[in-house]
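These notes are about the structure you will find just below.
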Amino acid sequence: QVQLVESGGGLVQPGGSLRLSCAASRTIDSRNPMGWYRQAPGKERELVANIRSSGSTNYADSVKGRFTISRDNAKNTVYLQMNSLKPEDTAVYYCKAYRFGNVYWGQGTQVSVSS
């Protein structure tokens, strides 16, 4: 079993920034990406960004240029720096990782963007 502990969510004004962190309790598969997903009320969960152990990244079009994902392999931790936040970024953000081919999700952290 792996526990993914997320932190860093909160309420921020439009144009503001937040940094999310996700720490895994055990070593994560290096062959599979760690990533962030989000789910807004009434919508399906969607990929925000993911990153492989090599450092290669993938972003949703809606966050390109505003969000940056990074990964510390030694700490089994993935980060999501979110800048220029918009109200449409409001959602519960979930971390996803793999270990021995099994998928694990964090409990989610709320991000709310509102004036």
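T109 has its side chain out of reach of V92: every pair of non-hydrogen atoms, C-beta onward, lies at least 4.5 Å apart. Counting only heavy atoms from C-beta outward, the side chains of W105 and R45 approach each other to under 4.5 Å. With a 4.5 Å cut-off on side-chain heavy atoms, Y93 and Q39 do not count as touching. In this structure, S114 and L11 have side chains that are in contact, with non-hydrogen atoms separated by less than 4.5 Å. Using a 4.5 Å heavy-atom threshold, the side chains of L20 and V111 count as touching. The closest side-chain heavy-atom distance from V2 to I28 is below 4.5 Å.
Shown here for P14 and S115, the closest heavy-atom pair between the two residues is CD-N, 3.7 Å. Nearest heavy atoms, A49 versus L80: CB-CD1, 4.4 Å. Closest non-hydrogen pair, V103 versus K96, comes out as CG1-CE, 3.7 Å.
A donor-acceptor contact closer than 3.5 angstrom links the side chains of S112 and Q110.
Two different hydrophobic clusters hold L47 and M82 under the rule that ILVMFWY side chains link at heavy-atom gaps under 4.5 Å. Cluster annotation: Y37 is not connected to I69 through the hydrophobic network of ILVMFWY side chains, with a link wherever side-chain heavy atoms come within less than 4.5 Å. Residues V48 and V12 fall within the same hydrophobic cluster, defined by Ile, Leu, Val, Met, Phe, Trp and Tyr side chains chained together at heavy-atom separations under 4.5 Å. Hydrophobic clustering, with ILVMFWY side chains joined whenever heavy atoms are under 4.5 angstrom apart, keeps Y98 apart from V78. Hydrophobic cluster membership differs between Y79 and L4, with clusters built from Ile, Leu, Val, Met, Phe, Trp and Tyr side chains linked at under 4.5 angstrom.
The number of heavy atoms from other shown groups lying within 6.0 Å of CD (E88) is above 12.
Side chain of D72 to main chain of K75: a donor-acceptor pair is present (N/O by atom type, distance under 3.5 Å, no hydrogens or angles).
Atom-to-atom distance recorded for T57:OG1 and I51:CD1 is 6.0 Å, nearest 0.5 angstrom. Here the CG-CE distance, from N76 to M34, works out to 7.0 Å after rounding to the nearest 0.5 Å.
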- Query: salt bridge (charged side-chain N to carboxylate O under 4.0 Å, His left out) between K86 and D89: does it pass, once the steps are laid out?
  - Reply: CA-CA 5 Å; K86 304 176 180 179; D89 294 318; over 6 Å; no
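In this structure, R38 forms no cation-pi arrangement with Y94, as its terminal cationic atom is not both closer than 6.0 Å to the ring centre and no more than 45° off the ring axis.
Within the structure, the side chain to side chain donor-acceptor pair (under 3.5 Å) test picks out the following pairs touching residues 3-28 (sequence neighbours left out): S17-N83.
Taking the six-membered ring wherever Trp is involved, the centroid distance between the rings of W36 and F67 does not fall below 6.0 Å.
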